[in-house]
Student: 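Sharing a structure with you now.
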Amino acid sequence: SPDTSPLVPPADSYYLTPAESATTIARRAQARARQEEEEVEVDAAGAASTSSTGQRRLEHCPAILIDEHFDTADCTGPCQLNTRLPDGFHGWKGGWGSTASLTSDGALRISNRTIATGSMVQGPEYDLGHYKSCLLEGEKYLFSAKVRLYKEDGTSSLCGSRDPSLGVTWEHCPHLRAWAANDRGHDRSRSDKAWISPEAAKPDGEWMHLEKSIDFNELYSYSETPETALYELLKIRVKEEDVVMEIDDVYFGKPPTKGGVSPTNGEPSTRVDVFPDLTDPAVCDDLVVGDGTAESARFAFPFYSNDRWRGRSLTIEEEVSRVDNSTTNKFYRLGYRESHGSSLNFQMIPGCITHGSLYTFSGKFRLNQPGVVNDPYIEILAKKEGQSEKWIWLTDKGDFSLGGHSGDVNGWTKVEFGVTFTEEFASYDSYEFWLRTYGNEAHYNDLARRHLYPELDFDDL
């Protein structure tokens, strides 16, 4: 963690430790009682607050719990490149007897993975330890990591093969599991939080992006109270033996914005609110948070896909231009689209919209299917607490086409139009972007074992 200040766990924190004697337990209880007597209460206006479960939000909890790039410059002393690290690296280990090492290009390598059955799957893991008390029920946290796979004998992993005849499932590809224990160190509770589906996987040796906005609302299966029902172990799993896993650029914490994470200058990362300070007059020049491109983006966030329309994979991809076969371009891709209405979404900056003013919208879109869809359109979902949602169309059906040969040589269709936010918008305070492609066609995907709609690409919003 970038935060080096000492952290004092609250009274109900727990660790995976051997059973203690009655004398030790009694001494701890006495020390805890003395600490409670000396503790100064902080009122509601102060820096501490309380979650819905009564758990205290600690002053010292950092917004970013993990921001790890496995920098080889940090590998000194007993840490040797490409050599087994018995104690792991900055809290990251391999688990269950696997081998952790740091590669020369700055990635954590987990090898000697001989266990991949049931719940005992070796892979990169991080024990949140005393940070457990910092996780608040009902709040969102962003997890992001680069992952790649390969086998040392040169054969392909199941995930990398993308071969449906081999019975490949999502468990054979990288997925994030949150794993918790109760105060007795057993009766673990598990929850899979994010995953890469086989049809979206890359061949062995290529980096894949595992990213998801997650929460920690699940409780234990036994008798624990909600105050203790927060996860402590994050594990990236691949359910296949003898597959080497490498991870890099791991982030876990409150969602940042452009400029919020500083991965290379050695300074602690700082969080910037998702929506910037509206006192800066330049903020409202663009209603899209960030610059709307993926060229310098570390995360797909603040773009996302609304779960109600089941678009389960939003990633940053890179392509080579068909014009000169050398120019590269990064863009956002929405995959695993189980609904014909699934879209990339983003929230316009609240408080920026001036009603009655004219705005120009511009963006590039690509629908990856042979046939042309002649009736896509763009709409806004307007919301306000206590009021009914309202869908407001920004374009009409037929204003532009997607799919087939409707775009440029690389398949992109540029859409640009003017829009005036009328008084119809004035009674709402939340505006969510949607691109609708209801005319696209679903096809059966052998890897997903279901019908999926074609991938939808976005750029330069």
Side-chain angles (χ1 to χ4, degrees), residues 1-10 12-13 42-71 74 90-92 126-146 176 178 180 193-194 209-217 227 229-234 236 247-280 283 289-290 296-304 346-347 349-351:
S1 167
D3 184 81
T4 58
S5 59
L7 300 184
V8 180
D12 60 354
S13 283
V42 181
D43 62 24
S49 61
T50 303
S51 73
S52 59
T53 62
Q55 186 175 31
R56 193 161 180 213
R57 185 198 304 264
L58 303 179
E59 281 185 280
H60 60 244
C61 284
I64 301 174
L65 303 182
I66 303 172
D67 189 12
E68 182 59 69
H69 303 273
F70 303 103
D71 190 349
D74 295 335
H90 290 184
W92 285 94
Y126 187 94
D127 193 339
L128 292 172
H130 44 226
Y131 283 149
K132 165 190 168 288
S133 63
C134 294
L135 300 177
L136 300 176
E137 186 178 4
E139 291 202 17
K140 290 290 187 179
Y141 298 86
L142 181 66
F143 179 88
S144 177
K146 288 165 49 181
L176 175 69
K193 295 292 187 179
H209 194 193
L210 182 64
E211 180 181 319
K212 182 93 173 168
S213 179
I214 62 178
D215 57 48
F216 293 85
N217 295 337
E227 284 81 0
L230 294 173
Y231 289 96
E232 69 177 45
L233 187 70
L234 297 178
I236 301 176
I247 63 171
D248 199 3
D249 296 340
V250 185
Y251 178 95
F252 176 63
K254 298 301 293 182
T257 55
K258 179 184 175 185
V261 176
S262 178
T264 59
N265 64 7
E267 296 297 323
S269 299
T270 57
R271 177 181 172 239
V272 180
D273 287 339
V274 173
F275 294 113
D277 183 0
L278 297 185
T279 60
D280 180 355
V283 166
V289 177
S296 59
R298 179 178 173 186
F299 312 111
F301 184 89
F303 299 112
Y304 60 95
F346 65 86
Q347 294 279 348
I349 301 176

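All figures in this text were calculated on a predicted structure; none of them were measured in a lab.
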Student: Specify the closest pair of heavy atoms between Ala145 and Val250, including all atoms of both residues, with the distance to one decimal.
Tutor: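 Taking every non-hydrogen atom into account, CB-CG2, 4.0 Å.
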
Student: Can you measure from OG (Ser144) to CG (Asp67) and round to the nearest 0.5 angstrom?
Tutor: 10.0 Å

Student: State the CG-NZ distance between Leu142 and Lys254, to the nearest 0.5 angstrom.
Tutor: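 One finds 10.0 Å between CG of Leu142 and NZ of Lys254.
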
Student: Side chains of Ile214 and Leu176: closer than 4.5 Å at any heavy-atom pair?
Tutor: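 Sidechains of Leu176 and Ile214: in contact.
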
Student: How long is the straight-line distance from NE2 of His90 back to NE2 of His69, given to the nearest 0.5 Å?
Tutor: 12.0 Å

Student: Is there a donor-acceptor pair closer than 3.5 Å between any side-chain N or O of Glu211 and the backbone N or O of Phe301?
Tutor: yes

Student: For the side chain of Lys212 and the backbone of Tyr141, is there at least one donor-acceptor N/O pair under 3.5 Å apart?
Tutor: no

Student: Between Lys193 and Asp215, is there a donor-acceptor pair closer than 3.5 Å when you use the side chain of the first and the backbone of the second?
Tutor: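 Between the backbone of Asp215 and the side chain of Lys193 there is a qualifying donor-acceptor contact (under 3.5 Å).
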
Student: Parallel, tilted or perpendicular for Trp92 and Tyr126, by the 30°/60° rule?
Tutor: tilted

Student: Measuring only between side-chain heavy atoms, which start at C-beta, is Leu135 closer than 4.5 Å to Leu65?
Tutor: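 Leu135 reaches Leu65 side chain to side chain.
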
Student: Once rounded to the nearest 0.5 Å, what's the spacing between atom CG of Asp248 and atom CD of Glu68?
Tutor: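 Atom-to-atom, Asp248:CG and Glu68:CD are 8.5 Å apart.
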
Student: Which of these passes ring pair (Phe, Tyr, Trp, His ring centres under 6.0 Å) with Phe299: Tyr304, Phe143, Tyr251?
Tutor: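 In the set Tyr304, Phe143, Tyr251, the residue that makes a ring pair (Phe, Tyr, Trp, His ring centres under 6.0 Å) with Phe299 is Tyr251.
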
